[in-house]
Colleague: 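Below is one structure. I have some questions about it.
Proteins get letters first, then strands, A, B, ... in listed order; numbering begins at 1 in each.
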Protein chains: 2
Amino acid sequence: MARAKSPSRHALVDSALKLFWKRGYHRVSMGDLVRETGVGRGSLYSDFAGKEALFHACLDRYQETVVTPAFGGVEAKGAGLAEVGQYLDKLLARNAAHPGPDVGCLVLNTLAQVTPEETETLARLKAHGRRLQKGLYQALWQENQKHQKLDEAEIEALARFTLISLQGLWAQSRGSRDIEALRQYCKTLLELLANRLGTDEVTT
Amino acid sequence: MARAKSPSRHALVDSALKLFWKRGYHRVSMGDLVRETGVGRGSLYSDFAGKEALFHACLDRYQETVVTPAFGGVEAKGAGLAEVGQYLDKLLARNAAHPGPDVGCLVLNTLAQVTPEETETLARLKAHGRRLQKGLYQALWQENQKHQKLDEAEIEALARFTLISLQGLWAQSRGSRDIEALRQYCKTLLELLANRLGTDEVTT
DNA sequence: AGGCTATTGGAATGGTCATTCCAGAACAAG
DNA sequence: CTTGTTCTGGAATGACCATTCCAATAGCCT
């Protein structure tokens, strides 16, 4: 029936994801996507309803191939502050690997450009936030078991704080090449969290 | 010589600022600006070299009319953690005053959309970051005088952390209507800072 | 009023973009 | 090879945009 698709669907989405991530949704044209993916213009429109649908596929793939590998450790059963530290290390390592100004987080970049009308896109961004929040809550809860200094509401607040604060890390990484500043930020964040939870050293 | 300008130059820039702030640089067209400001198309181009120059004027005016009123207290001589708390209160109050999803911070919104080529714009954004960083450093330094728990390098790191973390607050405020979450974030941030500085209560 | 200058807003220009269309190429099966 | 199907990529379409131009207009001074 169908002829073998030249680049597999995953490869296609990966190429598109790379472009969207680097330049942001609005700065990528369909022409760019045709050039980058190697897939014909007509085929793009028969595989996806349009530019926005393709972007949604990219957001989903981003969760699988970027968020899960980095954040999965925090979501794992029994994870604590140490796993949060490892997550931060992964973010820093990715940042250091890039040559130019970093690309930051696809979700956060999109958030700053999206309009209230693009409800489908917004829904995906919110789901991402809930995912991180939940993972952080579990890890902090686990860590709190050691000394039981906080009640559940306080852990909830601390997880929320961490999530919002982390968004600053991504925003910052877009504009600055100063990796040392980012490293220092991560170190301070971990110290503050450890301090509040009563854990005095964090072993990564 | 010159005829009185219909809306004063400040009023013109204020109108443009409002639009840019709400919708972002790329989502505002010159047609929008003509409609909103009430100034003729030709006049806009004789007063400013183009859209980007007008935007730069808006960024400058943003510093004067938005940043200074909110952040000036932190920059004042002798300011400490209490003034940082007042600054956060002002941010929250502005957020609560808006009906729809908040506009966040013009500088941060722009940061997510700007390209590395727009050097003039980038320079202004970086200057903004330096301004906040400096103010925060001074306030934290002042607060640290009370108990002298930290050395200067640690204060520097704490100021950097606070700055990056605050960027998350603005990012978050764009996507969510959950003011309570923002309030909780501010509360937690202040507590963490106070804790690290040895100040146990923060009176605003 | 009459002349001068600054301002105006509509039209024209040249560009980019998403999306649609379609004629032909590439492929598989008979 | 022939037929039927899928894929391709260039061209066409219609929309939007920044910028430039310019004839008409509105205010100011003498």
Colleague: From CZ of A:R27 over to P of C:dT16, roughly how many Å is that when rounded to an integer?
Modeller: 13 Å
Colleague: Can you check the B:L54 CG to D:dT19 C1' distance for me, whole Å?
Modeller: 14 Å
Colleague: Please confirm whether the shortest side-chain N or O distance from A:S43 to OP1 or OP2 of D:dC7 is below 4.0 Å.
Modeller: no
Colleague: Is there a donor-acceptor contact under 3.5 Å linking the side chains of B:T188 and B:E191?
Modeller: no
Colleague: Which heavy-atom pair separates A:E143 from A:L197 by the least distance, and what is that distance?
Modeller: CG-CD1, 3.7 Å
Colleague: Just how far, in rounded Å, is C1' of C:dT8 from CG of B:D47?
Modeller: 12 Å
Colleague: Taking CZ from B:R41 and C1' from C:dG10, how many angstroms apart are they, rounded to a whole number?
Modeller: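 Going from B:R41 (CZ) to C:dG10 (C1'), I get 9 Å.
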Colleague: Expressed as a whole number of angstroms, how long is the span from A:M30:CE to D:dC16:P?
Modeller: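 Distance check: A:M30 CE to D:dC16 P gives 19 Å.
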Colleague: Can you check the B:H26 NE2 to C:dT16 P distance for me, whole Å?
Modeller: 15 Å
Colleague: Closer than 4.0 angstrom, basic N to acidic O: yes or no for A:R131 and A:E75?
Modeller: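 Here A:R131 pairs with A:E75 in a salt bridge, since their nearest N and O are under 4.0 Å apart.
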Colleague: Rounded to whole angstrom units, what separation is found between the OH atom of A:Y45 and the C1' atom of D:dG10?
Modeller: 15 Å
Colleague: Has A:K51 got its NZ or CZ under 6.0 Å from the middle of the six-membered ring of A:Y25, at an angle within 45 degrees of the ring axis?
Modeller: yes
Colleague: Tell me the interatomic distance from A:L44, atom CG, to D:dT6, atom P, rounded to whole angstroms.
Modeller: 18 Å
